[in-house]
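No hydrogens, no waters, no symmetry mates; every other heavy atom, side chains included, goes into these values.
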Amino acid sequence: MMGFSAFVVAVGLLAFGLNNSNNEILAIGAKAPKTDVKMTDVSGKSLALKDVAKKNGLLVIFSCNTCPFVIGNGTKSEGWEGRYAELHDYAAKADIGMALINPNEAKRDAGDGMADMKKRYADQKLKGYYLLDEKHVVADAFGALTTPHVYLFDGDMNLIYVGAIDDAVDAKASVKQPYLKNAIDAHVKGAKIEPNSTRQLGCSIKRVKA
């Protein structure tokens, strides 16, 4: 299997730190923004992040249907999407709500529209909510850069972890640092989250020009 570094070079779609939104990435301790903005779920329901949050917090993953870091790259990489359902259950056990959010407004007619989202949700047996972020309003407020980009909030909606899901996009079996799971575990135990911020890896969010 191609190593992660080689995969990064081959794909050529990374946005490690280039922010193509107008806002900086939320800082640790910041309140979740735009929690009252309604977004359409694949179920047809209109939901805001405040509706998804549970007693111990909220997990937000900006995602899509078209990025190799999400959906994989054939035999070269699994991508992270296959871990979403497990993460949903992991968060639920910790009484944390989870929302997948698709901010790719510039690709609504090229694989990231609602019909595509519904099909992907069903085909991949995803769980929980998969919301369409119209005109990437929520992603912009978060300063989200990539798909995926992870944000974990506590019960008071303060940001406690931001960055990547883990350290091995190519294969779940290769994960040595399950950053997000570790953050959830520490949060539930009332322990310090270390690290509370990691470098996000993925394809740049496909925004429309103002």
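Within the 4.5 Å cutoff, the side chain of Asn196 has no heavy atoms near those of the Ile160 side chain. Counting heavy atoms from C-beta outward, Thr147 and Ile205 have side chains that approach closer than 4.5 Å. A 4.5 Å side-chain heavy-atom check between Ile101 and Val60 finds at least one atom pair inside the cut-off. Side-chain contact between Val188 and Lys93 is absent, with no heavy atoms from C-beta onward closer than 4.5 Å. Residues Asp166 and Lys176 have side chains not in contact (no heavy-atom distance under 4.5 Å, counting atoms from C-beta outward). Put simply, the side chain of Leu145 reaches to within 4.5 Å of the side chain of Gln200, judged on heavy atoms.
The shortest heavy-atom contact between Ile25 and Gly143 is CG1-O, 3.3 Å. Considering all non-hydrogen atoms of both residues, Asn65 and Met117 come closest at ND2-N, 3.4 Å. Minimum interatomic distance between Ala94 and Ile184 (heavy atoms only, all atoms of both residues): CB-CG2, 3.8 Å. Contact between Ser77 and Asp170 at its shortest, heavy atoms only, is OG-OD1, 3.2 Å. When all heavy atoms are compared, the tightest approach of Ala139 to Pro103 is CB-CB, 3.6 Å.
The structure places CG of Leu58 at 5.5 Å from CG of Leu49, a figure rounded to the nearest 0.5 Å. Distance check, rounded to the nearest 0.5 Å: CD1 of Ile193 to CG of Leu152 gives 6.0 Å. For the atom pair CG of Leu59 and CD1 of Ile96, the computed distance is 7.5 Å after rounding to the nearest 0.5 Å. Remark: Tyr121 OH to Tyr84 OH distance equals 13.5 Å, nearest 0.5 Å. The structure places CD1 of Ile165 at 10.0 Å from CD of Glu81, a figure rounded to the nearest 0.5 Å. Atom CD1 in Ile61 sits 5.5 Å away from atom CG in Leu87 (nearest 0.5 Å).
Panel note: side chain Ser63, backbone Leu100; no donor-acceptor pair is recorded below 3.5 Å. Arg83 contributes a side-chain N or O that, together with a main-chain N or O of Val169, makes up a donor-acceptor pair within less than 3.5 Å. Of the possible polar contacts, none joining the Asp154 side chain to the Gly57 backbone as a donor-acceptor pair under 3.5 Å is found. Looking at Asp133, its side chain does come within 3.5 Å of a backbone N or O of Val138 through a donor-acceptor pair. With hydrogens and angles ignored, the 3.5 Å screen pairs a side-chain donor or acceptor of Glu105 with a backbone N or O of Lys135. The backbone N or O of Lys206 lies less than 3.5 Å from a partner atom in the side chain of Asn104, making a donor-acceptor pair. For Asp112 (side chain) and Lys107 (main-chain N/O), no donor-acceptor pair under 3.5 Å exists by modelled atom type. With Asp41 contributing its side chain and Lys45 its backbone, the two residues share no donor-acceptor pair below 3.5 Å. Side-chain atoms of Tyr179 never come within 3.5 Å of backbone atoms of Tyr161 as a donor-acceptor pair (strictly under, hydrogens ignored).
Disulfide criterion (SG-SG under 2.5 Å) for Cys203 and Cys64: not met.
Around atom CG of Asp123, more than 12 heavy atoms belonging to other residues, nucleotides or ligands sit under 6.0 Å away. Heavy atoms of other residues, nucleotides or ligands lying less than 6.0 angstrom from NZ of Lys38 number more than 12.
Hydrophobic cluster membership is shared by Met114 and Ile71, with clusters built from Ile, Leu, Val, Met, Phe, Trp and Tyr side chains linked at under 4.5 angstrom. When the side chains of ILVMFWY residues are joined at heavy-atom separations under 4.5 Å, either directly or via intervening members, Val137 and Met157 end up in two distinct hydrophobic clusters.
Applying the ring-ring contact (aromatic ring centres under 6.0 Å, His included) test to Tyr151 and every residue at least two apart in sequence or in another chain returns Phe62, Phe142, His149. Every residue two or more places apart in sequence or in another chain was checked for a side chain to side chain donor-acceptor pair (under 3.5 Å) with Thr40, and none qualifies. For Asp185, the side chain to side chain donor-acceptor pair (under 3.5 Å) partners are Tyr90, not counting sequence neighbours. Partners of Ala92 according to the side chain to side chain contact (heavy atoms under 4.5 Å, CB included) rule, which considers only residues two or more places apart in sequence or in another chain, are Lys54. Applying the side chain to side chain donor-acceptor pair (under 3.5 Å) test to His136 and every residue at least two apart in sequence or in another chain returns Asp140.
Ion pairing between a basic and an acidic side chain is recognised when a charged N comes within 4.0 Å of a carboxylate O; Asp89 and Lys127 show such pairing. Remark: Glu134 does not engage Arg108 in a salt bridge, criterion side-chain N to carboxylate O under 4.0 Å. In summary, Glu86 and Lys172 engage in a salt bridge, as defined by a charged side-chain N under 4.0 Å from a carboxylate O.
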What donor-acceptor contacts under 3.5 angstrom involve side-chain atoms of residues 27-36, with partners at least two apart or in another chain?
residue, atom, partner, partner atom, Å
Lys31, NZ, Asp156, O, 2.8
Lys31, NZ, Asn158, OD1, 3.3

